[in-house]
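First the structure, in the form of structure tokens, and then the observations on it.
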Amino acid sequence: MDKMWAGRFSKALDKEADDFNSSIHFDCRMYKQDITGSIVHAMMLAKQGIISENEKEEIINGLSSILEDIENKNLDFDFDAEDIHMFVESELTKRIGDSGKKLHTARSRNDQVALDIRLYLAYECEEIGKLLRKLIEVIRDKAEENQDAIMPGYTHLQRAQPITFAHHLLAYAMMFKRDFERVGDALDRMLCCPIGSCALAGTTYNTDREFEAEKLGFKGISMNSIDGVSDRDFCIELMSCFATVMMHLSRFSEEIILWSSWEFKFVELDDSYTTGSSIMPQKKNPDMAELVRGKTGRVYGDLMALLTTLKGLPLAYNKDMQEDKEAIFDSVDTVKKCLSIFAPMVATMRPIKENMYSAAQKGFINATDLADYLVKKGMPFRTAYKHVGTLVGYCIEQNTVLENLPIEKYKEYSDLFDNDLYNEISLETCVAKRISAGSTGYESVKRQLEYITEFLNK
Ligand code: ARG
């Protein structure tokens, strides 16, 4: 294919160099955004009297037919083309002749690519937003069903205090809610239209950049044409949002993997989201959760790759910037795939409440509550803490738990102990007594559920 810029060259590009230079294999996914941008550009050119109404009609009809043909699979991408922008333009010229050659007045490919990625990412942000909301909804529903499921809460992966499974799950709902909002914030900043930067310095034509920005759904135009074409902050920002989503998914995955092990057995994953082993017949492996955990590294890598590509790049456009797309596309694809597999995996995951409860019984996780019991009867916290610590040591030695020690034993340590202590340290009481905002207490968890539901209904 003859290059549109071939004029000043006496030799064709080396075949391997041509392939190396070409980006159509991956930027073809932006065909719709490229065509939409061009349609609006033609409208602006005609409105400003830069092309005629007739030429505008021809261009728009030509571009619309290209779009239709691509979507109906009547037109294949020419992978010999340099990129999607060149492909669309040359196809247009093939179809409508000279009017097609006027489309590229008052714009450059540097503007086009900066525009197309923004439009493409804006669409994907919506999709990712929907997937995040779906996952939050699944978590909310699971939490709703498990408000009475008592389990150990951990610090240092050591049993710490009793909590409900609902409370634990809702912590993830909060994280994904923040992720949703973060993507929205990044999207707001990204919706700044670069078209009309005209490679870098602007143009001598009387263009109307605001018109194009508005027609394309942007919030405004980039205020500096050099920045307009050099900026890829929005990719970095979104990739960092996606990396954070993956980090949350990975933490959740790790817990699901632990919970479904024989050592915990707090949950059973549905058969449809687990795999068997080729050699060990007893195995039921949490592959999906492991893959999500694994793919997190890849999304971090995409972010690092682009940060590194941009580091030290002089203004304005440099071909290095073509490397932005594979990184951001991979990160978009990966986060979407992970979110779509994660939601149904969590929805079909079966909590095993008895196992959670018995683990909660074994870890002295009511020791804080027992100390608080003495404090409420007037003992200084440090003294109470010491007594309870000694009692825990005694229980470990005797292979028993605080609930099963006779009252006489307690009395050896303090007269403040009475029969009401057993009720005070029951796991149910420990949970119910937690009344502070955000706590694991039943009322507080109800408020958290409402908070998430309100968010989902917005
Ligand atoms: N394919 C290029 C990219 O993805 C489009 C912009 C090319 N501009 C240029 N002046 N060579 O970055």
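When a ligand or atom number is given, it counts from 1 through the structure's own listing order.
- Considering only non-hydrogen protein atoms, atom 2 (C) of ligand 1 sits nearest to Gln322 OE1, 3.2 Å.
- We find that Lys130 and Glu126 are not joined by a salt bridge, their nearest charged nitrogen and carboxylate oxygen being 4.0 Å or further apart.
- Side-chain contact, Arg140 with Thr453: a donor N or O sits under 3.5 Å from an acceptor N or O.
- Set against the non-hydrogen atoms of Asp83, the atoms of ligand 1 under 4.0 Å away are 1 (N), 2 (C), 5 (C).
- From the protein, the heavy atom lying nearest to atom 9 (C) of ligand 1 is Asn110 OD1, 3.4 Å.
- Counted by atom type alone, Ser272 and Asp270 present one or more donor-acceptor pairs between their side chains at under 3.5 Å.
- Between Tyr317 and ligand 1, an N or O atom pair is found at a separation short of 3.5 Å.
- In terms of protein heavy atoms, atom 11 (N) of ligand 1 is closest to Arg109 NH2, 3.6 Å.
- Short contacts between ligand 1 and Ser23, defined as distances under 4.0 Å to a heavy atom of the residue, involve ligand atoms 1 (N).
- Both the sub-6.0 Å distance and the 45° axial angle are satisfied by Arg29 relative to the ring of Phe329.
- Between Asp83 and Lys325 there is no salt bridge, since no side-chain nitrogen of the basic residue lies less than 4.0 Å from a carboxylate oxygen of the acidic one.
- Counting heavy atoms closer than 4.0 Å to ligand 1, residue Lys325 contributes side-chain atoms (C-beta onward) but none from N, CA, C or O.
- Side chain to side chain, Gln33 and Tyr123 fail the donor-acceptor criterion of an N or O pair below 3.5 Å.
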